[in-house]
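Scroll down for the structure; my scribbles are underneath it.
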Amino acid sequence: MTETIVIVGANLAGGRAAESLRKLGFEGRIVLVGAEKDRPYDRPPLSKKAMRGQMPEEKLFFRPLEYYDEHRIELHLGVRAERLDGTSREVELSSGTKIGFDKLLVATGADVRRLTCEGATLPGIHYLRSLEDARGIRAELAPGKRLVVIGAGVIGMEVAASCREEGCEVTVLEMLEVPLLRAFGRDVGALYGQFHRERGVDVRCGVGVASFRGGDRVEEVVTTTGEVIPCDFVVAGIGVVPATGWLEGSGVALDRGVLVNERCETSLPGVYAAGDVARFFHTRLGRHVMIESVENAQLMAATAVANMMGKSETHAPVAWFWSDQYELKLQSVGAVDDYDRVVYRGSIADKQFAAFLVKGDRVTGVLGVNRLKEIAAAKKLISASIPVVDAMLADADLPMSKVLAGPTPAS
Ligand SMILES: Cc1cc2nc3c(=O)[nH]c(=O)nc-3n(C[C@H](O)[C@H](O)[C@H](O)COP(=O)(O)OP(=O)(O)OC[C@H]3O[C@@H](n4cnc5c(N)ncnc54)[C@H](O)[C@@H]3O)c2cc1C
């Protein structure tokens, strides 16, 4: 009988998994189910060029629509998986259809966390996860418009930068003491706060939103410190929640996401998970981690598919992420919350530097701003746990190959 593989979540991890199955020679039935109306597309431009209308939407899609037919990938768009029956091995869709599977990939990513304070449902308050969300924000953009961004995480700060470049007056409210703390760590997060202020963004830390006021639309943000900020629109970027509601009661183990082992297998045989929805066991770190990034979603999808096809592959990456804000191209490698000092190479004033996050004599993470050569070396420093000396890291004239060779007796 023909084998059926069902993939729930038709975006990066799910879309790439379907492609890989065919590339690896899977001849059976592939069913790809996605809640969005759009076929798989690239999310990073949504907070940048696509949101600003500088990139035609057609360029966002990974594949033309015909690709899915040509590769016999049954695409069900605008349909949600409502329930997984782990015993009968069926997925129940919002259309009422039940699809049986031999193997299943959970690739449902994450949903935005929503504000619940007074006024939070007023029109003009936006979130950003999907292409549809980006279209909504794009319609608000015009020079001189007043935007309040709630939450100075990566999405919030990328939106702040893009809207500022479109001529909006931007205020950012962040509950924590520095912006971008979770993504970039305390030191580089503080530097980014400074970079945004230099561009005229009013970045306020240690303050959140208490309520929104307005008539037909949002007109004012009332902060937790009692200030009232007039606004024309709001974008909230207060984090995401793994999209696992449909898996409750299915037997798939959940803990702030779908728990998988290093082979991307869930607790149910034949059921795999990949991407932002999955918390995987990292063999080098010895614990479960979740990495919300493009690279991780793609690598995990590839590992899950390879293992579905009978191989034995392990997912154990060094986390890699990038964020573009203004002309600042940042790449981050490794962990950003586990260090005792920062060693800078290059020039902060010229906004061309690498910040090595160091613990003892090991690099735990690196953030490179407009200075990308250090990133490839950093992956090796971290994965091979090479000892380092601060003076060598800081010496911009010393090639990274020398740092990778480890300390010399003289250093
Ligand atoms: C604006 C923005 C900018 C970003 N920029 C960067 C960047 O610069 N660098 C980087 O590395 N990463 C970036 N990311 C993160 C990156 O896009 C994600 O890590 C990646 O998309 C994760 O892929 P995924 O397939 O796991 O999840 P998703 O892309 O979220 O896809 C999951 C899909 O599953 C669907 N779904 C959910 N529940 C169900 C259900 N029950 N039934 C059917 N379908 C369902 C969702 O609608 C969605 O389409 C950015 C994200 C956003 C939103």
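Order of appearance sets the numbers: ligands from 1, and atoms from 1 within every ligand. Quick caveat, the model's predicted, so the values are computed rather than measured. One-based numbering along the sequence shown.
Of the protein's non-hydrogen atoms, A13 N, 2.8 Å is the one closest to atom 25 (O) of ligand 1. For atom 2 (C) of ligand 1, the closest heavy atom belonging to the protein is I155 CD1, 3.3 Å. In this structure, the protein non-hydrogen atom closest to atom 27 (O) of ligand 1 is G109 CA, 3.4 Å. Remark: minimum distance from atom 34 (O) of ligand 1 to any protein heavy atom is reached at G9 CA, 3.3 Å. For atom 41 (N) of ligand 1, the nearest protein heavy atom (residue, atom name, distance) is A81 O, 3.1 Å.
Residue-to-ligand polar distances place R43 within reach of ligand 1: an N/O pair is separated by less than 3.5 Å. Inclusion of V294 in the set of residues having an N or O under 3.5 Å from an N or O of ligand 1 is warranted. The distance criterion of under 3.5 Å between nitrogen or oxygen atoms is not met by F321 with respect to ligand 1. Checked against a 3.5 angstrom limit, the closest N/O atoms of W322 and ligand 1 fall inside it. In terms of polar-atom proximity, defined here as any N/O pair under 3.5 Å, E36 does make such a contact with ligand 1. When only interatomic distances are considered, the shortest N/O to N/O separation between N11 and ligand 1 falls below 3.5 Å. At under 3.5 Å, not a single nitrogen or oxygen of P44, backbone or side chain, sits near a nitrogen or oxygen of ligand 1.
Taking the ring axis of F62 as reference, the NZ or CZ atom of R16 stays within 45° of it and closer than 6.0 Å to the ring centre. Relative to the ring axis of F101, R89 does not place its NZ or CZ within 45° and under 6.0 Å from the centre. Y68 does not carry R63 over the face of its six-membered ring by the limits of under 6.0 Å from the centre and within 45° of the normal.
Remark: ligand 1 atoms within the under-4.0 Å shell around heavy atoms of A107 are 32 (C), 33 (C), 34 (O). Within ligand 1, the atoms closer than 4.0 Å to a non-hydrogen atom of G275 are 26 (O), numbered from 1 in the order shown. Near R129, the atoms of ligand 1 lying under 4.0 angstrom from a non-hydrogen atom of the residue are 27 (O), 28 (P), 30 (O), 53 (C). Set against the non-hydrogen atoms of S293, the atoms of ligand 1 under 4.0 Å away are 11 (O), 12 (N), 19 (O). Those atoms of ligand 1 that come under 4.0 Å of a heavy atom in V79, given as number and element, are 43 (C). Of all atoms in ligand 1, listed by their number and element, those nearer than 4.0 Å to a heavy atom of V8 are 42 (N), 43 (C).
Judged by distance alone, with hydrogens and angles left aside, the side-chain atoms of N11 form no donor-acceptor pair with the main-chain N or O of P40 at under 3.5 Å. A donor-acceptor contact shorter than 3.5 Å is absent between the side chain of R146 and the backbone of E169. A donor-acceptor contact shorter than 3.5 Å is absent between the side chain of R263 and the backbone of A304.
When the heavy atoms of D276, V112, N296 are ranked by distance to atom 18 (C) of ligand 1, first place goes to D276. Proximity annotation for atom 39 (C) of ligand 1: of V159, T108, D133, T108 comes nearest, heavy atoms only. Of the candidates A110, P40, A35, it is A35 that places a heavy atom closest to atom 44 (N) of ligand 1.
Only the side chain of A297 comes within contact range of ligand 1, with a heavy atom under 4.0 Å; no backbone atom does. Heavy atoms of R80 found under 4.0 angstrom from ligand 1 belong to the backbone as well as the side chain. Here K48 has side-chain heavy atoms under 4.0 Å from ligand 1, and that is the only part of it that gets that close. In D111, neither the side chain nor the backbone holds a heavy atom less than 4.0 Å from any atom of ligand 1. Neither the backbone nor the side chain of A134 has any atom closer than 4.0 Å to an atom of ligand 1 (non-hydrogen atoms only).
Of the residues listed (R72, R22, E74, H71), the one engaging I30 in a side chain to side chain contact (heavy atoms under 4.5 Å, CB included) is R22, and it is the only one. For the side chain to side chain contact (heavy atoms under 4.5 Å, CB included) test with F356, the passing option among V366, V342, T364, L367 is V366; the others fail. When each of V234, I150, V209 is tested with I125 by the rule side chain to side chain contact (heavy atoms under 4.5 Å, CB included), just one qualifies, namely V234. If you run side chain to side chain contact (heavy atoms under 4.5 Å, CB included) between C163 and each of E158, R52, M51, only M51 comes through.
Looking at every heavy atom in both residues, N307 comes nearest to E313 through OD1-N, 2.6 Å.
Heavy-atom separations between V277 and ligand 1 are all 4.0 Å or longer.
In this structure, F184 has its ring center under 6.0 Å from that of Y192. Centroid-to-centroid, the aromatic rings of H196 and Y326 come within less than 6.0 Å.
Judged by distance alone, the side chains of E295 and S293 never bring a donor and an acceptor atom under 3.5 Å apart. The closest side-chain donor-acceptor pair between E227 and T225 falls under 3.5 angstrom.
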Would D395 and M392 satisfy side chain to side chain contact (heavy atoms under 4.5 Å, CB included), going step by step from the backbone distance to the final call? CA-CA 5 Å; D395 182 354; M392 289 173 76; 5.8 Å; no
